[in-house]
Every structure is written in C-alpha cells, then in structure tokens.
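Below, read A as the first sequence line, B as the second, and so on, with proteins coming before strands; counting in each chain starts at 1. Side-chain atoms are counted along with the backbone in the values below, which use heavy atoms only and exclude waters and symmetry mates.
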Amino acid sequence: MEEKYNPQQLEAAARQYWEKNRSFKVIEEPDKEKFYCLSMFPYPSGELHMGHVRNYTIGDVISRYQRMLGKNVLQPMGWDAFGLPAENAALKNARPPAEWTYANIEYMKGQLKLLGFSYDWDRELATCDADYYRWEQWLFTHLVKKDLAYRKKAAVNWDPVDRTVLANEQVIDGRGWRSGAVVEKREIEQWFLKITDYAQELLDGLDKLPGWPEQVVAMQRNWIGRSEGVTVDFNIEETDEKLTVFTTRPDTLMGVTYMAVAAEHPLALRAGEGNADIAAFIERCRQGGVSEAEIETVEKAGIALDINAVHPITGGIVPIYAANFVLMGYGTGAVMAVPAHDERDFYFARKYNLSIKPVIVPSHWEGKDISESEINSAAGEAELSEDRRVPALSIKDDLPLIWDEWDTRFSEKGILRRSARFSGLTSDQAFDAVAEHLNAGGKGGRQINFRLRDWSVSRQRYWGCPIPIVKTPEGIEPATGLPVKLPQDIIVDGTGSPLKRMPEFYDLGDGRERETDTFDTFFESSWYYARYCCPDADQSMLDERAKYWLPVDQYVGGIEHAILHLLYARFFNRLMRDEGLVDNDEPFTRLLTQGMVVAETWYRQNEDGSKEWFNPADIETERDNKGKVISARLKSDGRPVFPGGIEKMSKSKNNGVNPQTLIDRYGADTVRLYIMFTSPPEQLLEWSDEGVEGASRFMKRLWNLASAHPGIGGLVVSNGIVDNQKNARREVHEHLKKALFDYERQQFNTVVSACMSIVNVLYRFGGSDDGKRLLAEGLGIVLRLLGPIAPHITHTLWRELDYGDDILNAPWPEVDESALVRDSIEMVVQVGGRVRGRITVAVDADNAAIEAATLANKNVQRFIDDVEIRKIIVVPGKLVNVVV
RNA sequence: GCCAGAGUGGUGAAAUUGGUAGACACGACGGACUCAAAAUCCGUUGCUAGCGAUAGCGUGCCGGUUCGAGUCCGGCCUCUGGUACCA
C-alpha cells in the first residue's frame with residue numbers, strides 16, 4: 001500500500017476497474033427496485049465549467065447512494081447539441097457548426113470521464129444526430145394531424161440592418177448586438193404547439209409533485225396563471241363591430257372609463273391610416289424588442305383613437321386608446337380599464353386626464369356612499385367633459401377615492417356603489433350577477449383564462465432540427481420519408497438561415513418546398529430523459545424499456561430551468577402518453593435545483609476608463625490580523641488589483657476556475673469533496689482556492705490514518721463491542737446517524753462534516769487494542785459514507801484495508817442504537833429566556849429532580865434571588881426555562 | 001414592471017425545523033517538530049468589558065406574537081434566478 005496519497009495513480013486505477021467490470025452498465029431487472037437518476041445534459045460549449053462539475057457531482061452522489069442502498073440505478077449522460085452558440089462560433093471561426101459541436105462533445109466527454117461519474121455510457125445520445133431528432137419530427141407530424149400544432153403570426157425581434165431575426169439575448173438595450181440598430185417587432189408566420197390545451201392538467205399535476213421544491217411549483221403555478229373571469233363584448237360606436245375583453249373583475253365593470261388595444265390591433269391600424277399622430281405612435285410602439293421584461297418596464301404610453309366603444313350595460317360612451325402595454329399576442333389584444341380600482345389603469349388615466357370612477361367601497365362601509373359632488377364626470381353615466389379632465393377626488397377616512405396617489409387597498413374587493421342595479425352587492429355577488437346579466441344579453445359570460453400562451457416552436461435558424469413540413473400548391477402537409485436531415489457542411493455568415501439559400505434542401509419540385517425554419521432547442525430537451533431508456537430503438541420513438549425506467553426518480557439541474565424547460569418536458573410527457581408511448585403523467589418524481597457557482601472578480605481600470613479583468617488564480621492577497629483581505633496584487637507584476645464583486649463564473653469577468661487544472665493538481669475526489677462540502681446543493685457556491693486546499697488536506701488525513709493500519713478491515717466483528725471506548729464509539733454512531741439523516745434530505749455538506757468529525761474521533765482514540773476495533777468499525781463507516789462523494793479513494797482503501805472486494809456491493813452502514821445510550825445528560829438552564837448555566841442530570845430524571853437541580857445552580861440563584869418564579873418550563877433532554 | 005428565492009463571525013457554512021446561535025471547515029494567531037522552510041500534529045479564535053468567574057451586545061433594517069424567534073406574522077432594504085428566441 002502506498003504510504004502517500006497519490007490521487008492521480010489511484011484514480012486512474014479505480015476508473016480502469018469500473019470500466020473493466022462494466023460497473024455502471026444497467027439493464028432492466030423487473031425484480032429489482034429501479035432508480036433513475038438524471039442530471040440535466042450539458043450544452044457542448046467547449047469545455048466543462050464548474051457549474052457542470054457541481055451539477056454532475058450532485059447527480060453522481062445521489063446515484064451512487066441509491067446504488068449502495070441496493071437499487072438498480074440508471075444514470076445516463078448525453079448532449080443538448082443544437083443551439084445558438086454553435087452558430088456564433090461557426091461565424092467566428094468560419095467552420096461548420098456540426099464540426100465545432102462534435103469536437104466539443106469529444107473533449108468534454110473526456111473531461112467527464114476524469115471525474116469518475118457512474119454513467120452508463122452505452123446510452124449516450126446527442127440531439128443533433130438524425131437518429132435522435134427523427135423521432136421528434138415523427139411526433140410533430142402526429143401533432144399536426146391532431147391539431148395540436150398549428151400556424152399563426154407572432155412577433156419576433158427584427159434587426160433591420162442585418163436583416164435577421166434576433167434572440168432576446170441578442171437584443172441589448174433595444175438594439176441589435178452586432179449591428180447596433182434599433183430592433184423592431186415584426187410579425188411572421190410560425191408554428192405553435194397547443195400547450196394551452198393541457199394548461200389545466202399541467203396545473204393540477206403540480207399538486208402531485210411533493211418531491212419538487214415548493215418555489216418551483218409556485219413559479220410554475222403562477223406561470224400557468226389560471227384565472228376565472230368574464231368576457232365582455234363592447235360594441236364599437238356607429239358600427240356593427242365589437243371589441244371583446246376578458247376581465248377577472250366584472251364587479252368593476254361599471255367603473256370602466258376607457259378601453260385600451262394593442263398598437264398592432266386592427267382598430268389601431270385602421271385609425272392610423274387617417275391620422276399621422278396615431279400612425280407615428282404605432283410606429284414608435286414597433287421599436288424595441290419583444291421580451292416581457294423590456295415591454296413591461298418601458299414607460300406606459302397611449303394615444304386616443306377617436307373611436308368609442310359602447311358600454312354593454314349602461315350604453316355609455318367609452319373612448320378607445322392604443323397603448324404600448326397591451327400585447328396583440330395575449331388574450332384578445334384589448335383590455336377594459338377601471339382606473340379607480342387598478343394601479344396601471346390609474347396611472348395611465350392620470351397621465352392622459354381620463355375619468356376615474358370609483359365603484360367599490362370597503363366592506364366595512366355599511367350604508368355610506370361615494371359623494372356624487374366630488375365626481376363630475378364618468379363614462380357610462382354622463383357625457384365626458386370637453387377635455388376629459390376630472391377634478392381630484394378626495395379621500396375621507398379610509399375611503400378608496402384618492403386622486404393623487406395609488407393605494408393597494410383600492411384594488412381590494414368590497415361593496416358596489418354607483419353601479420345601477422348592482423349597487424349594494426358584494427364583489428363576489430356582483431361577479432355572478434354581472435356574468436349572468438351579460439350572458440342573458442348575449443354580451444359575454446364566464447370564462448377561465450390562462451396566462452400560459454401556446455408554445456412557439458419555429459426558429460429562423462440553421463443549427464436545429466428541421467421542421468418536417470412541406471408547403472405545396474394545395475397547402476401545408478407533414479413531410480414524409482423522415483428524418484428530414486439537416487445539411488452538415490455549412491458556413492454561417494450571420495445574415496439569416498443558410499437553409500433559405502439552399503434550393504437543394506428546400507426545393508422538392510412541382511412547386512413543393514420544405515419549411516426552412518428549425519425547432520426551438522427546448523424541443524429536443526423536452527423528451528431526452530425518455531430516450532435514454534432505449535436510445536437504440538429504431539422502430540419507434542420509445543419502446544417497452546421506457547415503461548420500466550420512467551418516471552425519472554431524481555432530476556438534478558439548475559434553478560434557471562424552473563419554468564420553461566421543466567414545463568415543456570411535463571407537457572411533452574403528456575403528448576407521449578397520449579401517443580401510448582409512456583404510462584405516467586409526470587416525468588420527474590423528485591427535483592433538485594442546484595445553485596450557481598460564483599467567484600470573486602478582480603480588475604484594474606485602464607486609462608480610457610475600461611476595466612481589465614484578472615483571473616483569481618493569478619492574484620495573491622494580503623490579510624489583516626483578523627484574516628480579512630485588505631489588499632490584492634497580480635502575481636506576475638506585483639501591482640495592485642481591486643475586487644469587483646462576486647459574480648457567476650464567466651469569460652467576460654475572467655473569474656472562471658478551470659476544473660481541469662484542479663483535477664490535474666488535486667485529483668477528482670478532492671474537487672468532488674470540496675464542491676459537496678462547501679455549500680448545500682441548492683445554494684449559491686462561492687469558489688475558494690483555500691477551501692480546495694482544505695478538502696485536499698482531509699483526503700490526506702484519511703489516507704494517512706488508513707495506511708497506518710493495513711488489513712484493519714479484517715478486525716470488524718459484528719459491530720465489535722468496544723468497552724473502554726464507549727464515549728468515542730457513541731460519538732461515531734451519533735455522527736453516522738446525522739450523516740444518514742442528511743443523505744436522505746440531500747444535505748451533503750453536513751454529510752461531509754459528519755465524516756470529518758468521525759475521522760477526528762478516530763485520530764484521538766484509535767491507538768489502543770480496543771481502539772483498533774473502534775478504528776476498524778469507524779473507518780468502515782466513513783469509507784462507505786464517503787463512497788458516493790469520493791468514489792476513487794474509498795474504492796481503493798476498501799480493497800487495500802481488506803474490508804471487501806468492491807465497496808459498490810458493500811451493505812450500507814447502520815446505526816447501532818445501543819451505542820447511543822447515555823447515563824446522564826447535560827441540560828441548559830435559562831432564566832427569563834437567557835442562558836444562565838448548565839446542569840447534569842440522569843437520563844431518566846423526572847421534572848421534579850430537574851427543577852431541583854436547576855434551583856440548586858449557583859449562577860441561576862443569582863438571577864432568581866429577588867424575583868418571583870412564575871413557572872418552570874422543562875423541555876425534555878434539552879433545557880429548562882425559569883419564567884420570572 | 002411581474003413571479004420566485006436569498007441575506008448568520010474575517011470567510012464558506014451549521015442549528016434534525018419554535019428550545020444552548022456559530023457544528024464542520026477555511027483564514028488568522030500561538031505552540032511542537034525542523035539548522036531553516038514546507039508538510040504534519042496540538043491549542044486559541046463572534047464583538048465589547050474583565051486577570052478571571054462572568055456580564056452586555058449579536059443572525060440585513062423596523063415593528064409584532066411567544067416563557068423562549070435565525071426559525072412564525074406585518075412592513076421595508078439589498079442581492080440573485082426567471083420573464084416565453086441563451087441554454
């Protein structure tokens with residue numbers, strides 16, 4: 001046995017052993033409990049970064065843990081290989097995206113192998129392989145036939161200079177990232193999947209996911225956004241047309257004072273034809289990108305169309321505005337506005353001097369009414385004054401009738417006033433009454449609405465899966481002869497998809513043309529988890545093996561996928577279910593969302609004001625006597641650098657730590673241990689080189705302890721009783737209990753803490769003959785507890801110390817409850833909730849004995865001397881609180 | 001803007017979920033070993049006062065509930081993720 005810890009050598013040997021024994025190859029074994037553990041597959045961007053290492057280490061720890069519990073564990077790996085970065089790299093290097101992508105896959109695969117992950121590599125897949133994407137093309141043609149896929153126009157970001165569609169990420173401050181031109185919204189024909197048909201089911205399914213983080217469930221619930229409301233038809237004055245809106249607050253219908261439509265709404269476009277101001281406004285609204293964050297933060301603006309609507313109940317006249325915050329793609333592209341009871345409507349009304357008509361008062365406002373004298377004009381009841389101005393309404397007591405500032409109470413439900421036949425009803429009663437009234441008059445009725453919109457899957461890009469559609473003179477039809485293969489040897493030039501310039505791809509003769517758009521890359525990542533079960537199935541998308549493995553028992557990935565990817569995958573699973581391909585509704589039983597990896601940034605200011613960023617590896621720091629960093633300089637020139645804050649590891653801030661360098665230097669086990677130890681999996685992980693040193697030190701400490709006792713594994717005799725080392729053995733089993741508990745709740749940092757504590761105990765007490773038996777048992781426990789986290793060293797020591805042949809087949813350690821028994825316990829004594837002392841009492845002491853011991857404590861007596869004791873609270877086994 | 005999180009020593013964090021705040025580490029300081037250094041081992045380490053026993057203060061800020069609050073409730077501040085074409 002090597003005297004010194006030599007990670008490079010032992011890790012290579014351990015990996016060789018696993019490879020030779022095909023340790024992680026799995027097949028379906030119906031008699032064995034299965035466990036499918038999946039980490040989100042990487043985009044092959046070039047090299048592995050720390051985020052990947054963290055994600056895959058967490059997944060591997062869970063996989064190996066489940067395997068040691070005796071389950072049939074599947075852990076696959078593959079490549080999310082289509083996407084925008086390949087096109088950007090292709091543009092830069094003038095090489096085909098396919099070449100770049102496959103080279104990256106080769107390199108990153110080599111890096112993954114160095115980390116000792118227990119993947120079944122026989123199941124590897126890459127989404128850019130036609131063997132993979134042919135099946136999503138197949139599914140799509142079925143969806144077209146089932147009317148679950150359809151075409152409609154939708155807005156995209158258009159760069160008028162580069163004449164190309166931009167991703168939201170490529171729009172920076174409203175301008176194209178390469179051209180710098182102001183981006184425009186442009187409506188183009190696109191394919192959509194009817195995810196809204198599944199909205200209710202996707203919402204209900206969230207209740208059946210107790211293994212998901214509550215925050216993710218909450219985000220998905222809000223994203224789907226079910227709301228019960230009413231549709232209302234407003235006639236357009238002097239025409240036969242109508243404007244339909246949806247509202248969740250029909251109780252405020254009598255307070256409507258204006259309507260707002262999207263700038264691209266047909267009514268607005270028509271008004272713009274005869275009015276230069278309106279046309280200019282519509283043009284201004286066209287500028288800027290389509291992302292919600294951009295649209296919602298832009299200042300609200302509108303313009304009167306000089307078209308009026310007719311209130312469906314009062315017959316009053318309501319002006320129609322075009323507004324930049326109403327979007328054509330959402331609902332009907334029109335909203336009714338109630339400025340007295342909606343914040344956004346309120347500020348818009350103030351900006352354009354529109355009427356504000358309060359119609360709801362607080363529930364406790366029995367009998368009181370809104371003073372008519374303070375309102376001189378309100379749509380639906382009186383003609384608007386000439387300039388549509390309304391004087392300020394005053395607030396009385398807690399009346400929601402203020403004009404100057406908005407109060408959130410204004411939007412609360414209450415009792416209706418000034419609402420004709422509905423006055424006096426509560427908001428809830430009015431909801432029903434208004435809905436029935438509209439329904440009876442043929443002017444609307446109840447409706448359930450979802451915030452969720454249908455999924456646009458068309459992308460005007462090259463490096464993606466071709467949409468299998470053919471345009472013929474007779475119309476649109478699904479392609480036959482799948483797969484429709486993506487041409488590979490292509491040079492990208494940044495002016496739109498090269499497929500559009502390749503008649504050999506799209507021109508099928510007889511006026512028949514292939515679709516040249518490709519699928520959104522979320523399409524591929526929405527079903528890869530299922531394909532891993534049967535990656536070689538060549539007669540169908542999935543086969544019977546999928547029904548053995550699915551659902552995924554544990555999914556691990558970044559929190560940034562909380563909504564889109566996870567929702568699309570839940571949707572796809574249902575699409576595949578409805579094709580009879582899978583049995584289950586939900587694809588992922590448990591979900592762990594891991595936090596990002598961040599690091600300190602360092603910079604120097606250049607003379608032109610720009611900043612130069614330096615890698616943390618090239619910096620040395622100086623600390624004060626408390627250990628606080630007071631200055632830092634670049635190693636190479638010794639001149640100072642300055643901290644720029646802690647940020648996500650990135651190329652732009654040059655704060656990435658290369659996993660490869662660390663593996664070369666410390667070995668994979670140390671990197672894995674550090675990552676698992678330094679933060680709980682769901683939290684942000686702040687990188688620290690010193691922390692890695694600490695992890696490395698622990699590895700050596702473990703190795704040194706073990707190598708000093710060759711063959712000690714043979715001393716383990718049925719949890720060998722150790723008389724003279726009772727306290728030490730109790731500590732070991734207490735830490736073991738803690739570690740087992742933390743494995744179950746997936747808090748791996750404290751699993752490592754517990755292992756460190758056990759090693760500390762063994763260092764102190766492992767010397768004598770009895771100590772050797774303690775050591776034999778304790779080391780056996782630590783090796784198995786660390787097995788999933790640091791697999792190479794534990795594999796090696798398990799064999800070298802004679803514990804057994806293969807630690808993967810060892811039984812998982814169990815707590816010996818008899819080792820935990822104590823004779824006496826220490827309890828904390830508080831007076832008035834403040835700790836004043838400690839008492840030692842027998843384990844079975846009753847409350848009277850505990851109280852007596854408490855009152856006998858000298859320091860306690862100091863604090864109860866001249867005050868009255870009201871009562872004494874005893875928390876068994878923990879503390880005593882004397883209430884004074 | 002909207003939705004969802006997070007904030008604890010010099011640092012990463014722990015606190016079995018309302019019961020001893022700071023486990024386990026990192027760093028720093030002191031010691032042993034060494035000609036010396038590295039490595040290793042041992043000790044001290046929330047802040048303030050005190051030789052000490054001990055006391056006061058302390059979990060982003062303000063307020064509340066409770067015998068008792070890092071944990072529960074109300075209101076803020078700052079940071080992070082998502083926001084439908086980054087993946």
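Closest-nucleotide positions on RNA chain B for A:K738 and A:R862 were compared, and the one nearer the 5' end corresponds to A:K738. Residues A:G694 and A:N859 each lie close to RNA chain B; by heavy-atom proximity, the contact nearer the 5' end of the strand is made by A:G694.
Looking at residues two or more places apart in sequence or on another chain, you find no ring-ring contact (aromatic ring centres under 6.0 Å, His included) involving A:F698. For A:Y674, the ring-ring contact (aromatic ring centres under 6.0 Å, His included) partners at least two apart in sequence or on another chain are A:W687. Applying the side chain to side chain donor-acceptor pair (under 3.5 Å) criterion to A:K351, with sequence neighbours excluded, gives A:E299. Evaluation of the ring-ring contact (aromatic ring centres under 6.0 Å, His included) rule for A:F450 yields no partner, not counting sequence neighbours. Listed by chain and residue number, A:V161, A:D162, A:T164, A:L166, A:S179, A:A181 satisfy the side chain to side chain contact (heavy atoms under 4.5 Å, CB included) test with A:D159 (two or more places apart in sequence, or in another chain). A:R701 pairs by the side chain to side chain contact (heavy atoms under 4.5 Å, CB included) definition with A:V759, A:N760, A:Y763, not counting sequence neighbours. Residues passing the side chain to side chain donor-acceptor pair (under 3.5 Å) test with A:Y56: none are found, sequence neighbours excluded. The ring-ring contact (aromatic ring centres under 6.0 Å, His included) check on A:W79 picks up nothing, with sequence neighbours excluded.
Side-chain N/O atoms of A:N222 and base N/O atoms of B:C3 include no donor-acceptor pair closer than 3.5 Å.
Glycosidic conformation, B:G9: syn, with the torsion inside 90° of 0. Base orientation for B:U17: syn, the chi torsion being within 90° of 0.
A salt bridge (Lys or Arg N to Asp or Glu O under 4.0 Å) check over residues 669-678 of chain A, counting only residues at least two apart or in different chains, returns the pairs A:D60-A:R672.
Among the atoms of the strands shown, none is found under 4.0 Å from any heavy atom of A:P213. A:V165 comes within 4.0 angstrom of a base, heavy atoms only. Across all strands, A:Q190 comes closer than 4.0 Å to base atoms (heavy-atom distances). The residue A:F192 sits apart from the nucleic acid: no heavy atom pair falls under 4.0 Å. Residue A:R697 is classed as a sugar-phosphate contact, given heavy-atom separations below 4.0 Å to backbone atoms only.
Using a 4.0 Å cut-off between charged nitrogen and carboxylate oxygen, A:R459 and A:D520 count as a salt-bridge pair. For the pair A:E734 and A:K738, the salt-bridge criterion is not met [side-chain N within less than 4.0 Å of a carboxylate O].
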Which atoms of nucleotides 20-24 of chain B (N or O only) lie under 3.5 Å from a protein N or O atom, and what are those distances?
unit_1	atom_1	unit_2	atom_2	d
B:U20	O2	A:R838	NH1	2.5
B:U20	O2	A:R838	NH2	3.4
B:A23	N1	A:S753	OG	3.3

Per-nucleotide pairing state of RNA chain B [Watson-Crick or G-U, under 3.5 Å; [ ] pseudoknot-crossing; | other strand]:
(((((((..(((......[....)))((((((.......))))))((((....))))..(((((..]....))))))))))))....
What string of B, S and - do you get for nucleotides 78-83 of chain B, 5' to 3', if B is base contact, S is sugar-phosphate-only contact and - is no contact with any protein heavy atom under 4.0 Å?
---BSB
